[in-house]
Amino acid sequence: MPAEFERHSGCWMLWPERSDNWRLGAKPAQATFAAVAAAIAGGEPVTIGVSAAQFKNARARLPEKIRVVEMTSNDAWMRDCGPTFVIDKKGRRRGIDWTFNAWGGLEDGLYYPWDRDDEVAQKVIELEGADRYRTSLILEGGAIHVDGQGTCLTTEECMLNPNRNPYLSRKEIEEYLRRYLSVTTVIWLNKGVYRDETDGHIDELACFTSPSNVLLTWTEDRSDPQFAISQDAYQRLRHAKDARGRRLNVHKIHQPEPLFMTAEEASGVDQHEGSHPRRSGDRLAASYVNFYIANKRVVMPFYGTRSDAAAMRALKRLFPTRSIVGVPTREVLLGGGNIHCITQQVPAPVGP
């Protein structure tokens with residue numbers, strides 16, 4: 001699996017519409033998704049899958065250069081239900097179709113049904129003209145991050161959660177990752193960002209910005225539950241080595257001040273049986289690590305707080321050859337994720 005900071009052929013997204021996750025009939029979320037798509041399209045081609053009912057609306061709201069294709073889904077988290085693309089020894093692109101169970105299945109999942117989401121990866125792979133590897137391993141794309149040189153980052157909170165693959169041991173899960181991603185080293189962190197409803201996805205907590213360089217969500221506030229999580233992750237990363245035997249350089253990026261769902265925002269979400277409730281006062285899992293690395297730019301979340309500017313400066317230091325573009329993404333955050341969660345890169349094939 002190539003690293004996200006390697007060359008892409010494009011990016012895939014899905015269009016939000018379900019009113020039991022996105023407030024006010026998903027109209028504010030749609031505006032934000034369109035802004036994210038436009039920002040990424042400044043660096044690489046973007047395709048968005050849209051339901052038949054929303055096709056005309058999405059086409060009218062999106063810039064003309066963004067490709068819109070009809071595609072059914074249950075929600076809009078392309079990172080997690082979409083494919084993971086890999087490159088074979090001949091430089092050809094292949095797609096991994098992980099099994100998707102809406103982050104926990106019937107017991108702990110965030111919505112039901114999820115059958116259409118589990119079909120998204122196959123549809124994207126076929127539209128990209130790639131061979132498909134379907135696997136029985138339940139895994140979301142946001143649960144893994146790689147350096148493109150044989151190292152994978154993940155969390156125990158997510159990958160070892162019994163609501164995903166209860167009959168597999170850590171060793172067996174590692175073997176799946178080695179087999180499908182062609183990694184040789186798996187670095188396990190403990191928990192993800194505090195109150196992350198996906199059971200601690202790595203893409204909220206930490207990511208590779210270049211080989212042997214990892215960016216980590218951070219806080220100096222000892223009273224914040226995130227403090228202990230980030231401290232533990234820092235110690236694990238500091239003592240880890242990547243697949244090539246190198247020590248990791250750990251860069252800290254301070255999280256925004258704690259953000260909470262307002263009563264007005266919560267009241268705009270329809271309450272449906274089987275869907276994750278949205279309540280006034282809920283803390284939101286806000287993180288600056290949940291950005292997208294495009295070919296020519298990095299598209300990062302803005303939260304309208306004083307920490308936005310400092311986070312942008314931190315990313316400029318880590319990505320000196322790319323422009324850094326901030327997009328206000330509170331509407332995506334209210335739905336349970338951010339920019340990285342709603343995108344999926346398509347790596348460029350290698351060779352002539």
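Everything quoted here is computed from the prediction, not taken from an experiment.
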Undergrad: If you measure only the distance, is there a donor-acceptor pair under 3.5 Å linking the side chains of Asp224 and Gln255?
TA: yes

Undergrad: Would Val346 end up clustered with Val146 when hydrophobic side chains under 4.5 Å apart are linked, directly or stepwise?
TA: no

Undergrad: Do Leu334 and Met261 touch side chain to side chain, with heavy atoms closer than 4.5 Å?
TA: yes

Undergrad: Report yes or no: does Asn338 contribute a side-chain atom to a donor-acceptor pair with the main-chain N or O of Cys341 at less than 3.5 Å?
TA: no

Undergrad: Which heavy atom of Ala348 sits nearest to which heavy atom of Ser9, and what is that distance?
TA: CA-OG, 3.3 Å

Undergrad: Cation-pi between Arg179 and Tyr176: NZ/CZ under 6.0 Å from ring centre and within 45° of the ring axis?
TA: yes

Undergrad: Just by distance, no angles: are the side chains of His201 and Glu157 close enough, under 3.5 Å, to form a donor-acceptor pair?
TA: no

Undergrad: Go through the steps for Trp12 and Glu128 under the test side-chain hydrogen bond (donor to acceptor under 3.5 Å, both in side chains), then give the verdict.
TA: CA-CA 10 Å; Trp12 274 84; Glu128 289 294 336; 2.7 Å; yes

Undergrad: Mind checking whether Arg330 and Phe302 have side chains closer than 4.5 Å, heavy atoms only?
TA: no

Undergrad: Are a donor atom and an acceptor atom from the side chains of Gln54 and Gln30 found within less than 3.5 Å of each other?
TA: yes

Undergrad: Under a single-linkage definition using a 4.5 Å side-chain heavy-atom cutoff for Ile, Leu, Val, Met, Phe, Trp and Tyr, are Val86 and Phe208 assigned to the same hydrophobic cluster?
TA: no

Undergrad: Is it true that a side-chain atom of Asn74 and a backbone atom of Asp117 form a donor plus acceptor pair closer than 3.5 Å?
TA: yes

Undergrad: To the nearest 0.5 Å, how far apart are CD1 in Ile66 and CE in Met13?
TA: 8.0 Å

Undergrad: For a quick test of reading the model, state the closest non-hydrogen atom pair linking Leu259 to Ala286 and the distance between them.
TA: CD1-CB, 3.8 Å

Undergrad: Compare all side-chain heavy atoms of Leu160 with those of Ile173 and state whether any distance is below 4.5 angstrom.
TA: yes

Undergrad: Drop me the distance from Thr219's OG1 to His254's NE2, to the nearest 0.5 angstrom.
TA: 4.0 Å

Undergrad: Same cluster for Trp77 and Trp98 if Ile/Leu/Val/Met/Phe/Trp/Tyr side chains link at under 4.5 Å?
TA: no

Undergrad: Using a 4.5 Å cut-off on heavy atoms from C-beta on, say whether the side chain of Ile229 contacts that of Asn190.
TA: no

Undergrad: Using 0.5 Å steps for rounding, measure from the CD1 atom of Ile144 to the OG1 atom of Thr155.
TA: 11.5 Å

Undergrad: So, using salt bridge (charged side-chain N to carboxylate O under 4.0 Å, His left out) as the criterion, who are the partners of Arg178 when residues are at least two apart?
TA: Glu174

Undergrad: Does the side chain of Asp242 pick up a donor-acceptor pair with the side chain of Thr151 at under 3.5 Å?
TA: no

Undergrad: When you check the gap from the basic side-chain N to the acidic O, do Asp196 and Arg283 get nearer than 4.0 Å?
TA: no

Undergrad: Would you say the ring centroid of Trp15 lies under 6.0 angstrom from that of Phe55?
TA: no

Undergrad: Check the hydrophobic clustering (I, L, V, M, F, W, Y; side-chain heavy atoms under 4.5 Å; chains of links allowed) and say if Trp188 and Ile138 are grouped together.
TA: no

Undergrad: Minimum heavy-atom separation for Leu181 and Cys152, please, with both atom names.
TA: CD1-SG, 4.3 Å

Undergrad: Taking C-beta and beyond as the side chain, do Leu14 and Ile48 meet within less than 4.5 Å on heavy atoms?
TA: no

Undergrad: Relative to Tyr111, does Arg18 satisfy both conditions: NZ or CZ under 6.0 angstrom from the six-membered ring centre, and within 45 degrees of the ring's axis?
TA: yes

Undergrad: Any side-chain heavy atom of Asn163 within less than 4.5 Å of one from Asp199?
TA: yes

Undergrad: Would you mind checking if Arg278 and Glu265 are paired as a salt bridge, meaning a charged N to carboxylate O distance below 4.0 Å?
TA: no

Undergrad: Return yes if some donor-acceptor pair links the side-chain N/O of Thr217 with the main-chain N/O of Leu205 below 3.5 Å, else return no.
TA: yes

Undergrad: I need the Leu110 CG to Glu197 CD distance, nearest 0.5 Å.
TA: 5.0 Å

Undergrad: Please name all residues satisfying salt bridge (charged side-chain N to carboxylate O under 4.0 Å, His left out) with Arg236, sequence neighbours left out, ordered by chain then number.
TA: Glu156, Asp232

Undergrad: May I ask you to check whether over 12 heavy atoms, not counting those of Arg132, lie within 6.0 Å of atom CZ?
TA: yes

Undergrad: Going by atom types only, do Gln235 and Gln231 share a side-chain donor-acceptor pair under 3.5 Å?
TA: no

Undergrad: Looking at every non-hydrogen atom in both residues, tell me the closest pair between Glu44 and Asn295 and how far apart they are.
TA: OE1-N, 2.9 Å

Undergrad: Does Gln271 have more than 12 heavy atoms from other residues, nucleotides or ligands lying within 6.0 Å of its CD?
TA: yes

Undergrad: Does one side chain, of Ser212 or Arg244, offer a donor that lies under 3.5 Å from an acceptor on the other?
TA: no

Undergrad: Run the ring-centre check on Tyr288 versus Trp218 and record whether the distance is less than 6.0 Å.
TA: no

Undergrad: Given Trp103, which partner from the list Asp80, Asn161, Asp108 fulfils the side-chain hydrogen bond (donor to acceptor under 3.5 Å, both in side chains) test?
TA: Asp80

Undergrad: Do Asn290 and Ser287 pair up side chain to side chain, a donor and an acceptor below 3.5 Å, judged on atom types alone?
TA: no

Undergrad: Nearest 0.5 angstrom please: Asp221 CG to Phe227 CZ, how far?
TA: 8.5 Å

Undergrad: Ion pair present between Arg134 and Asp118, side-chain N to carboxylate O less than 4.0 angstrom?
TA: yes

Undergrad: Taking atom NZ as the centre, does Lys123 end up with more than 12 heavy-atom neighbours from other residues, nucleotides or ligands that are less than 6.0 angstrom away?
TA: yes

Undergrad: Which heavy-atom pair separates Ala121 from Gly82 by the least distance, and what is that distance?
TA: CB-C, 3.8 Å

Undergrad: Roughly how far apart are Leu216 CG and Ser230 OG, rounded to 0.5 Å?
TA: 5.0 Å

Undergrad: May I ask you to decide whether Arg79 forms a salt bridge with Glu140, counting only side-chain N to carboxylate O separations under 4.0 Å?
TA: no

Undergrad: Which of these passes side-chain contact (heavy atoms from CB on, under 4.5 Å) with Ile202: Val289, Ile187, Leu189?
TA: Leu189

Undergrad: With a 4.5 Å cut-off on side-chain heavy atoms, are His340 and Phe291 touching?
TA: no

Undergrad: Just by distance, do the side chain of Arg306 and the backbone of Ala310 share a donor-acceptor pair under 3.5 Å?
TA: no

Undergrad: Would Tyr292 and Asp203 count as having a side-chain donor-acceptor pair, cut-off 3.5 Å?
TA: no

Undergrad: Any non-hydrogen side-chain atom of Val124 less than 4.5 Å from a side-chain atom of Met78?
TA: yes

Undergrad: Taking all atoms of both residues into account, what is the closest heavy-atom pair of Arg297 and Ala39, and its distance?
TA: NH1-O, 2.8 Å

Undergrad: So if you build clusters from Ile, Leu, Val, Met, Phe, Trp, Tyr with side-chain heavy-atom gaps below 4.5 Å, do Val269 and Leu333 land together?
TA: no

Undergrad: Indicate whether the side chain of Ser307 and that of Glu257 have a donor and an acceptor atom separated by less than 3.5 Å.
TA: no

Undergrad: Taking side-chain contact (heavy atoms from CB on, under 4.5 Å) as the definition, give me every residue that meets it alongside Pro211, ordered by chain and number, with sequence neighbours left out.
TA: Phe5, Gln149, Arg246

Undergrad: Would you say the ring centroid of Tyr112 lies under 6.0 angstrom from that of His276?
TA: no

Undergrad: Please evaluate residues Asp131 and Arg92 with respect to the criterion salt bridge (charged side-chain N to carboxylate O under 4.0 Å, His left out), reporting the C-alpha separation (whole Å), side-chain torsions for both, the decisive distance (0.1 Å), and the verdict.
TA: CA-CA 9 Å; Asp131 285 348; Arg92 298 170 301 190; over 6 Å; no

Undergrad: For Arg23, is there an ion pair with Glu331 - N to carboxylate O distance below 4.0 angstrom?
TA: yes

